[in-house]
Q: 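Before I ask anything, here is the structure I am working with.
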Amino acid sequence: MGWHIVQKLVEGTGAHSTIVGKYWITAFFVLRFLLVISIAKASWSGDQGDMVCNTLSPGCKNVCFNQFSPISPIRYWFFQILSVSLASIIFSIYTTHKLALVTRAIRQKKKWKAAEKEKEKKDDKDEEVVATKLKSDHPPKLFLAYFFMVVLRLAIEIAFMVGQYFLYTYKFIVPELWQCRHWPCPGVVDCFVSRPKEKTIMLCSFYVTGCIMIVLNIIELYHIGGNVAKA
């Protein structure tokens, strides 16, 4: 998958971010991409090779593995990364369109001023438009778009964290022994999970990184929330 495209679009929001937002972008790529793509992917193969069950009953191992891991954690985390990135991608596309219009309007305004004061025209430079800075010639819609992007990121993070907690039966600790009681298994079947401690560390690490991302989003909302009414 072309994750470099996603990375480039998300990094584009850094030009409009507060200092907290820049920390969020750094943490997003370092903690999420490095943890999931480089490290966790080697721990979770996502197939039945991660589990061995002491049964020869047809279909029993498949049912037990599906009950133990309804969705591959790696695929779930990839989907989470993509969903969180989607909010930043939408904002990036919106600002690119808006900034083209704003820049053209600012240049036209400067041409009118230059007609009155020809001397100032030499030192006049295009002013950079930043979404999180409210100025008279900056559209407040950019600020509101950034604000709602952070809100959407926060909502997606919380939704996936809660979803992960209720989706997997083992919650925070991956067991070494998993007892399956499901048809068509003949009674209770013991299943053994490979590298449970390694998987537990990866699982807890992703919960911790999720909490860090949520806290950063909340801090940024607190930082820019006072200007929402003004915008």
Side-chain angles (χ1 to χ4, degrees), residues 1-7 10 24-88 152-218:
M1 182 177 182
W3 288 107
H4 62 283
I5 300 176
V6 176
Q7 181 178 354
V10 174
W24 182 92
I25 293 174
T26 302
F28 181 76
F29 287 114
V30 173
L31 298 180
R32 287 288 171 79
F33 272 77
L34 182 63
L35 182 65
V36 175
I37 297 179
S38 302
I39 302 177
K41 191 175 181 181
S43 301
W44 298 82
S45 64
D47 56 27
Q48 295 183 22
D50 287 338
M51 177 181 288
V52 176
C53 300
N54 59 352
T55 179
L56 296 177
S57 178
C60 180
K61 183 180 179 180
N62 291 347
V63 170
C64 290
F65 183 77
N66 292 339
Q67 189 179 12
F68 176 78
S69 182
I71 301 175
S72 170
I74 293 298
R75 296 188 183 95
Y76 186 86
W77 294 336
F78 273 141
F79 185 54
Q80 180 176 355
I81 291 174
L82 187 60
S83 299
V84 173
S85 302
L86 185 61
S88 298
L152 183 58
R153 279 190 332 208
L154 177 61
I156 293 174
E157 289 281 6
I158 294 175
F160 271 91
M161 289 279 286
V162 174
Q164 179 175 326
Y165 179 82
F166 287 103
L167 183 63
Y168 300 100
T169 56
Y170 42 82
K171 309 305 179 187
F172 301 105
I173 300 177
V174 179
E176 184 175 5
L177 173 63
W178 168 258
Q179 291 186 322
C180 178
R181 302 176 179 86
H182 202 286
W183 185 87
C185 297
V188 179
V189 174
D190 293 333
C191 295
F192 302 91
V193 182
S194 64
R195 302 191 307 274
K197 291 183 179 180
E198 182 180 358
K199 289 180 171 62
T200 298
I201 293 174
M202 292 297 103
L203 185 66
C204 292
S205 297
F206 211 82
Y207 271 117
V208 172
T209 58
C211 291
I212 292 174
M213 307 306 291
I214 289 174
V215 170
L216 288 175
N217 280 318
I218 292 175

Q: Taking C191 as the fixed residue, which of C180, C64, C53 is the one that meets the disulfide bond (SG atoms under 2.5 Å apart) rule?
A: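 One option only clears the test, and that one is C53.
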
Q: For Y165, does its backbone N or O pair with a side-chain atom of K171 as donor and acceptor, under 3.5 Å?
A: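 Flag set: sc K171 to bb Y165 pair under 3.5 Å.
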
Q: Hey, what do you get for CZ (R153) to OG (S88), rounding to the nearest 0.5 Å?
A: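 If I round to the nearest 0.5 Å, the distance is 5.0 Å.
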
Q: What heavy-atom pair brings P184 and V63 nearest, and what distance separates the two atoms?
A: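 Looking at all heavy atoms of both residues, the shortest contact is CD-CG2, 3.6 Å.
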
Q: Are any side-chain N or O atoms of N54 and backbone N or O atoms of D190, one a donor and one an acceptor, separated by less than 3.5 Å?
A: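 Checking the backbone N and O of D190 against the side chain of N54, a donor-acceptor pair under 3.5 Å is found.
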
Q: Which word best sums up how the rings of W24 and F28 line up, parallel for under 30°, tilted for 30 to 60°, or perpendicular for over 60°?
A: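 Rings of W24 and F28: parallel, as their planes differ by under 30°.
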
Q: Within this structure, what is the CG-CD distance for the pair L203 and E198, rounded to the nearest 0.5 Å?
A: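 If I round to the nearest 0.5 Å, the distance is 12.5 Å.
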
Q: My understanding is that only one of F172, W77, Y168, F160 makes a ring pair (Phe, Tyr, Trp, His ring centres under 6.0 Å) with Y207; could you say which?
A: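 Of F172, W77, Y168, F160, ring pair (Phe, Tyr, Trp, His ring centres under 6.0 Å) with Y207 is met by F172 alone.
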
Q: Within this structure, what is the CD1-CD1 distance for the pair I158 and I214, rounded to the nearest 0.5 Å?
A: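 Between atom CD1 of I158 and atom CD1 of I214 there are 5.0 Å.
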
Q: How many angstroms lie between CG in L86 and CD1 in I156, if you round to the nearest 0.5 Å?
A: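 Rounded to the nearest 0.5 Å, the CG-CD1 separation comes out at 6.5 Å.
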
Q: V174 and T200: which non-hydrogen atoms are nearest, and at how many Å?
A: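 Looking at all heavy atoms of both residues, the closest pair is N-OG1, 2.9 Å.
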
Q: Considering non-hydrogen atoms only, spot the tightest contact between L167 and P70 and give its length.
A: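 Here L167 and P70 meet closest at O-CG, 3.7 Å.
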
Q: List the atom of W178, the atom of P175, and the distance in Å for their closest heavy-atom pair.
A: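 Where W178 meets P175 most closely, the heavy atoms are CE3-CG, 4.4 Å.
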
Q: Looking at L177, I'd like to know if its CG atom is crowded, meaning that more than 12 non-hydrogen atoms belonging to other residues, nucleotides or ligands lie closer than 6.0 Å.
A: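 For L177, atom CG is crowded (more than 12 foreign heavy atoms under 6.0 Å).
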
Q: Got a sec: does the CD1 of I173 have more than 12 other heavy atoms crowding it under 6.0 Å?
A: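 Atom CD1 in I173 is not crowded, with 12 or fewer foreign heavy atoms closer than 6.0 Å.
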
Q: So which atom in P186 and which in V189 form the shortest heavy-atom distance, rounded to 0.1 Å?
A: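 Closest heavy-atom pair between P186 and V189: CD-CG2, 4.3 Å.
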
Q: Taking all heavy atoms of C211 and all of M161, pick out the closest pair and write down the distance.
A: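 Smallest heavy-atom distance, with atoms named: SG-CE, 3.8 Å.
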
Q: Test disulfide (SG to SG under 2.5 Å) on C60 and C185 and set out the steps.
A: CA-CA 5 Å; C60 180; C185 297; 2.0 Å; yes

Q: Hey, does the Lys NZ or Arg CZ of R32 hover above the aromatic six-ring of F206, less than 6.0 Å from the centre and inside 45° of the axis?
A: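 Yes, R32 lies over the aromatic ring of F206.
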
Q: Can you establish whether the number of heavy atoms outside F192 located under 6.0 Å from its atom CZ is more than 12?
A: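 Yes, because the 6.0 Å sphere around CZ of F192 holds more than 12 heavy atoms from other groups.
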
Q: For the atom pair CD (E176) and OG (S194), what is the distance rounded to the nearest 0.5 Å?
A: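 With rounding to 0.5 Å, CD (E176) is 10.0 Å from OG (S194).
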
